[in-house]
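Here the structure is laid out as structure tokens; the discussion comes afterwards.
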Amino acid sequence: MSEKKSGYDFNAIELKWQQYWNDNKTFKAADCDTAKPKYYVLDMFPYPSGQGLHVGHPEGYTATDIVARYKRNKGFNVLHPMGWDAFGLPAEQYAVQTGTHPAETTKNNIDNMRRQIKALGFSYDWDREVNTTDTNYYKWTQWIFLKLFNSYFDQTEQKAKPIEKLPIPKGLSEDEKQKYIDDNRLAYEAEVAVNWCPELGTVLANEEVIGGLSERGSHPVVRKPMRQWMLRITKYAERLIDDLAEVDWTESIKKLQIDWVGKSIGAEVNFKVDGFDEDIWVFTTRPDTLFGATYMVMSPEHSLVDKITADDKKQEIETYRQEAARKSDLDRTDLAKEKSGVFTGAYAINPVNEEKIPIWISDYVLISYGTGAIMSVPAHDERDFEFAKKFDLPIIPVVDPDRNELWDYARRMGKFASEDVGQINVKMSNKGKEKWLDNVVHEIIQGRACYPGKGIAINSKQFSGLSTAEFKEQIASWLSERGLGEKAINYKLRDWLFSRQRYWGEPFPLLHTEDGRIVALSEDDLPLQLPQVDNYKPTGSGEPPLSNAVDWLDVTLADGTKCRRETNTMPQWAGSCWYYLRYIDPDNSEKAWDSEKEKYWMNVDLYIGGAEHAVLHLLYSRFWHKVLYDLGYVSTKEPFKKLINQGMILGEDGQKMSKSRGNVVNPDHVIADYGADSMRLYEMFMGPLEASKPWNIHGVEGVYRFLLKAWKMTIDEETGKLDSAVQKTEIGEETLKLLHQTIKKVGGDIEAFRFNTAISAMMIFVNHLSKQKVRPVSAIEQFTKILAPFAPHIAEEMWQKLGHNETLVYEPWPEYDEELVKEKEVELAVQVLGKIKDRIVVAADADEEQIKEKALASEKVTVAMDGREPKKIIVIKSRLVNIIV
RNA sequence: GCCGAAGUGGCGGAAUUGGCAGACGCGCGGGAUUCAAAAUCCCGUCCUGGCGACAGGGUGUGGGUUCGAUUCCCACCUUCGGCACCA
């Protein structure tokens, strides 16, 4: 399209100003400038994919750019950086297929995406660009890893400390001492079950496994314990929840994080195994139902299963375990609707009543949560109830339900788990409801139905009659006194599996000695560079690709000890966990960042990115930040003050954009046809930042027309100079009022991230001003300033044509006068009994009496009142009048 | 199943300490300009009835609170996003 007859040659204008900003380093952020307040605006940095930018990226980037530019106008020293989260699988897979080194692929992709991002005119300080795959960057990722490795978590102080300060129990041998230390590090090695695909020779992520088969090629996948590096994020569970109070995030994102951490309070209880000298610990949130525990279930992976299984059950147990191993975590829950399990032949002793209860294994018990074993109380747990029904195990009720809670529970369930009670009917009469509840309670205390709620204890010896809450308290002390259990807190959050069997990631700065010890590199030996390899595939035995780097692999220490390097690499999260800190001091070769600069810039005032990172990235990042805080490297508890998740931009068909649907919009084309300013403006005009909304190319035309109109009200189409209607005169009353209203609205909307309505206000102003025969220069100048954060190129060009030589990036934001914003006269709706009958115009400061008088004087109102007397007259100033008769 | 967000014209959306529903933009209809078209400009545009002034209805559905509800409360339906037996 590229309509340039109007003189609005956006391609030329945009190129010109991008060049200007670049040459003049207009957006360079000054470190530690105490003359100005600082403002740190951060985008989630992108993975440089071969597809390049999609229209979703610029949405968040435009929002932050508007804020960054606005804050500069408001006198802030703004830090607004950009970089690349460049490790990751796609470049590695491309390397496997083509032999191209991932570094080369990555560089090309970055060059392309940088070009695309620059074409949108964002005000980044490009001198601070970071790249997680750069050795000068990942040197410090490795440095942080060493900090984790060389720290432990002090339980009483609830913080990380250097490992040298770890108190070591007396009387340990050298080996035991070493093991004790290693077991307390924040980074530790463990055998964990991973999704192993023998055919592909690699470990797969949960989402790469579908129905027990690999997503690529449909090969069988099994759960296999493998040696992995883990990070002790669970130590920070409590603080990750508590410190959310300090940040300005929406309640729903906070809740997402809280639920992910998944704190639950209960007790761990010790069950002896009958005939063995073994203990099985179980975690329960309902220690008050111990008397109702009629059997026990262990996860198939539980370490005691082999030991306690009776000889005649071994075959059956082994078969079941193998079946369970074949299922991924997802399949276990999704496909296994019907409960399954096998009896081990062994019995446990219930500590409260010495009853022998059978021990089963079943895959509904997860090895990774709690202790990997549960006590089953079928009368008060739905899963246990289902299992007991299926295998005909006894059900002993121990809670007489609280009737209110039972009613709520039954209503939520929609039905009740017993055939003998009729369907629940929400519209039941009170009497009917009581009768129905009587029946249900009867079913429950007969053990024919399950009720998981609170109530009064029954069948629990000396504890009978206690409320659930009292019982929990008393049983906890009772168990504790006898050494049979303790209060305990469990979290759904697991320690972070931090190693990957990949090539394209940060190498761990660790050595394995011949005799099995682990030695960390010293900080002086960093960076540990990624070696060249001929083959990017894992070896057939599942060894990571780095095992192929023979020259790199073997190391001999100064004392002659022979070592092998760690061949796993870090996950993509590692680099993105701390990039916001490197932006503060990106070229520092002595330190990860200077602490004066850190104190000046942190924390991040505004962080915008996709909702897909609302849980993991933010949790991991916050975890690292807290460790760095404990060790004194950062000055704030939390990294990100204000967080916003932008919504998704859908295709024109309202579907998620994807290559297969063919509905992907390429920003390059939009910029070529309508310009970057139109692209930016449209992405903000579509709707609220946080909502998902469909792309519509006609919408781009709409905002383009707005820019064109703004251009034409300023510039003469023929001469390219100021239009003759633009004159140095006083601004007329009406225009002045609208101008001040617009300044107020746009500023307020930017502060509240309501960019769509800010643009609409500017449209109203341009619609008004472009109709005026004479257009005062000062009105246009002020308008240009408020347009600038949204459409910076056209604004700079207009600013220049208005006779200014300097960029308007640092021009002060226009002030508005509250007096001028106010309307002098207002129109009120006059209602009779809530229905609008007429409208009256009154002075803005008219009092109630005057308004009433004027309203009652209306002829239409008189007709509508039909001779009745007003009983009450409600006056809402500047809104309406309602007459009640 | 659980948790979260949201349902407003033909479309994207605006309006909430409860006070004139539909700002702004798209699309559509009509007109101007043009040999004609594109572009541009002007007018109209929630629905129903009426030539009309006007009347009635209207914010997913059904109730409730209120002088007054898109906004608050209860129940339900639908869509999207997240989680997945967490004892």
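Quick note on labels: first sequence line is chain A, next is B, and so on, each numbered from 1.
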Checklist entry - Counting N and O atoms only, with roles assigned by atom type, does the side chain of A/Glu268 sit under 3.5 Å from a partner on the main chain of A/Ala488, one being a donor and the other an acceptor? => result no

Item to check | Between B/rA23 and B/rG12 - C1' atom distance, rounded Å | outcome: 13 Å

Checklist entry - How about A/Lys852: does its NZ atom have over 12 heavy atoms from other parts shown lying under 6.0 Å from it? => result yes

Next on the checklist: Using atom P in both nucleotides, what's the gap between B/rU79 and B/rG25 to the nearest angstrom?
Outcome noted: 34 Å

Checklist entry - Does A/Asn645 use its side chain to pair, donor to acceptor, with the backbone of A/Glu690 at less than 3.5 Å? => result no

Item to check | B/rA14 versus B/rU71 - spacing of their C1' atoms, nearest Å | outcome: 14 Å

Next on the checklist: Looking at A/Met684, is its backbone amide N or carbonyl O close enough to the side chain of A/Asn756 to form a donor-acceptor pair, meaning the two atoms are under 3.5 Å apart?
Outcome noted: no

Item to check | Sequence-aligned protein contact record of nucleotides 12-19 of chain B, with B where the base is within under 4.0 Å of a protein heavy atom and S where only the sugar-phosphate is | outcome: BSS----B

Item to check | A/Gly834 backbone acceptor or donor facing A/Asn882 side chain under 3.5 Å | outcome: yes

Checklist entry - A/Trp249 CH2 to B/rG4 C1': how many Å, rounded? => result 16 Å

Checklist entry - Using a cut-off of 4.0 Å on non-hydrogen atoms, how would the nucleic acid contact of A/Asn767 be classed: base, sugar-phosphate, or nothing? => result sugar-phosphate

Next on the checklist: Taking B/rG62 as the reference, what is the distance to B/rG4 when you measure between their C1' atoms (whole Å, please)?
Outcome noted: 25 Å

Checklist entry - If we take the P atom in both B/rG49 and B/rG10, what is their distance in whole Å? => result 14 Å

Next on the checklist: By nearest atom, which of the nucleotides B/rU40, B/rC42, B/rG25 is closest to the A/Lys771 side chain?
Outcome noted: B/rC42

Item to check | N-glycosidic conformation, B/rG9 - syn within 90 degrees of 0, else anti | outcome: syn

Item to check | Sugar-phosphate, base or nothing in reach of A/Lys255, heavy atoms under 4.0 Å | outcome: sugar-phosphate

Checklist entry - Is there a donor-acceptor contact under 3.5 Å from the side chain of A/Thr289 to the main chain of A/Gly292? => result no

Checklist entry - If only atom types and distance count, is the side chain of A/Ser858 paired as donor or acceptor with the main-chain N or O of A/Lys854 below 3.5 Å? => result no

Checklist entry - Parallel under 30°, tilted from 30 to 60°, perpendicular over 60°: which one fits the rings of A/Tyr364 and A/Phe387? => result tilted

Checklist entry - For atom C1', what is the distance between B/rC3 and B/rG13, given to the nearest Å? => result 28 Å

Checklist entry - When we call it a touch if two heavy atoms are under 4.0 Å apart, what does A/Lys254 touch: a base, just sugar-phosphate, or nothing? => result nothing

Next on the checklist: Checking the side chain of A/Lys837 only, and the main-chain atoms of A/Val861 only, is there a donor and an acceptor separated by less than 3.5 Å?
Outcome noted: no

Checklist entry - On a whole-Å scale, what distance lies between the C1' atoms belonging to B/rG81 and B/rG9? => result 27 Å

Checklist entry - Can you tell me how far the NZ atom of A/Lys709 sits from the CE atom of A/Met763, to the nearest 0.5 Å? => result 9.0 Å

Next on the checklist: On the nucleotide B/rA87, are OP1 or OP2 found under 4.0 Å from the side-chain N or O atoms that A/Ser264 carries?
Outcome noted: yes

Checklist entry - Between B/rG63 and B/rG57, how far is it from one P atom to the other, in whole Å? => result 16 Å

Next on the checklist: Judged by each residue's nearest nucleotide on RNA chain B, which is more toward the 5′ side, A/Thr371 or A/Gly702?
Outcome noted: A/Gly702

Next on the checklist: Please check this pair: side chain of A/Lys254 against backbone of A/Val247, looking for a donor-acceptor N/O pair closer than 3.5 Å.
Outcome noted: yes

Checklist entry - A/Tyr369 side chain N/O closer than 4.0 Å to the phosphate oxygens (OP1, OP2) of B/rA87? => result yes

Checklist entry - For A/Glu827, which contact category applies under a 4.0 Å heavy-atom criterion: base, sugar-phosphate, or nothing? => result base

Item to check | Nearest-nucleotide pick for A/Ser252, side chain only, options being B/rG4, B/rC26, B/rC54 | outcome: B/rG4

Item to check | Upstream residue (5' side of RNA chain B) when A/Lys837 and A/Ile759 are each assigned their closest nucleotide | outcome: A/Ile759

Checklist outcome for this item: Parsed dot-bracket for RNA chain B after applying the Watson-Crick and G-U rules with both distances under 3.5 Å and | for other-strand partners is (((((((..(((......[....)))((((((.......))))))((((....))))..(((((..]....))))))))))))....

Checklist entry - Rounded to the nearest Å, what distance is computed from the OH atom of residue A/Tyr8 to the P atom of nucleotide B/rA39? => result 18 Å

